[in-house]
Amino acid sequence: MSTDPRVALSVLISCLEEHLSAVAAKRGAQDASISAAFLAVADAYEEYEDALYESYEEFLPLTVVDEDDDNDPYDEDGPLQGSGQ
């Protein structure tokens with residue numbers, strides 16, 4: 001079953017708004033609501049991109065980075081030394 005890209009886009013926008021609300025109401029460095037909102041945005045983005053491809057054979061210019069990516073030039077404190085960032 002394919003998803004209508006407009007529906008998937010609406011879900012993505014809603015997830016982005018919820019993420020902003022969670023960040024604005026942050027209750028500490030390890031706030032679980034921010035993590036949950038982050039994951040919801042990533043999932044909604046991928047759903048939107050899949051729907052866009054299924055309907056129009058188009059991709060978005062962004063990718064969702066896996067949190068376990070060892071090649072990530074960032075650590076919890078920001079850019080790593082020597083990363084050029």
Side-chain angles (χ1 to χ4, degrees):
M1 182 176 118
S2 65
T3 303
D4 180 339
R6 290 189 186 278
V7 172
L9 177 59
S10 293
V11 171
L12 175 57
I13 291 168
S14 176
C15 288
L16 287 166
E17 290 172 343
E18 289 178 26
H19 182 268
L20 176 59
S21 294
V23 169
K26 185 175 178 177
R27 293 180 294 276
Q30 301 298 321
D31 191 337
S33 66
I34 294 174
S35 180
F38 175 91
L39 294 173
V41 168
D43 289 344
Y45 175 83
E46 289 178 342
E47 287 291 323
Y48 174 58
E49 185 171 51
D50 289 347
L52 198 61
Y53 183 77
E54 286 178 19
S55 294
Y56 304 109
E57 295 185 0
E58 290 292 335
F59 291 100
L60 293 167
L62 308 170
T63 59
V64 175
V65 178
D66 186 1
E67 289 183 35
D68 295 328
D69 187 0
D70 291 336
N71 295 324
D72 188 0
Y74 292 89
D75 66 8
E76 293 176 0
D77 298 323
L80 295 174
Q81 296 293 4
S83 68
Q85 299 286 328

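Here, residue 1 is the first one in the sequence, and each next residue gets the next number. Side chains are part of it too, since the values below use all heavy atoms of this structure and drop only hydrogens, waters and symmetry mates.
A22 approaches A37 most closely through the heavy-atom pair CB-CB, 4.2 Å. When every heavy atom of P5 is checked against every heavy atom of A51, the shortest pair comes out as CG-O, 3.6 Å. For the pair Y48 and A8, the tightest heavy-atom approach, listed with the atom from each and the gap, is CA-CB, 3.6 Å.
In the hydrophobic cluster analysis, where Ile, Leu, Val, Met, Phe, Trp and Tyr join through side-chain heavy atoms closer than 4.5 angstrom, V65 is grouped apart from L12. The hydrophobic cluster containing L62 also contains V64, counting ILVMFWY residues as joined when their side-chain heavy atoms lie under 4.5 angstrom apart, directly or transitively. No single ILVMFWY cluster, assembled from side-chain heavy atoms under 4.5 Å apart, contains both L20 and F38.
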After noting the C-alpha distance and the side-chain angles of V11 and E47, does the key distance pass the side chain to side chain contact (heavy atoms under 4.5 Å, CB included) rule? CA-CA 9 Å; V11 171; E47 287 291 323; over 6 Å; no
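To the nearest 0.5 Å, the span separating OH on Y45 from CG on L60 amounts to 4.0 Å. Distance OG/S14 to CG/L9: 11.0 Å, rounded to 0.5 Å. Rounding to the nearest 0.5 angstrom, the gap separating the CZ atom in R6 from the CG atom in L52 is 11.0 Å.
Apart from I34 itself, the hydrophobic cluster it occupies contains V23, where clustering links Ile, Leu, Val, Met, Phe, Trp and Tyr at side-chain heavy-atom distances under 4.5 Å.
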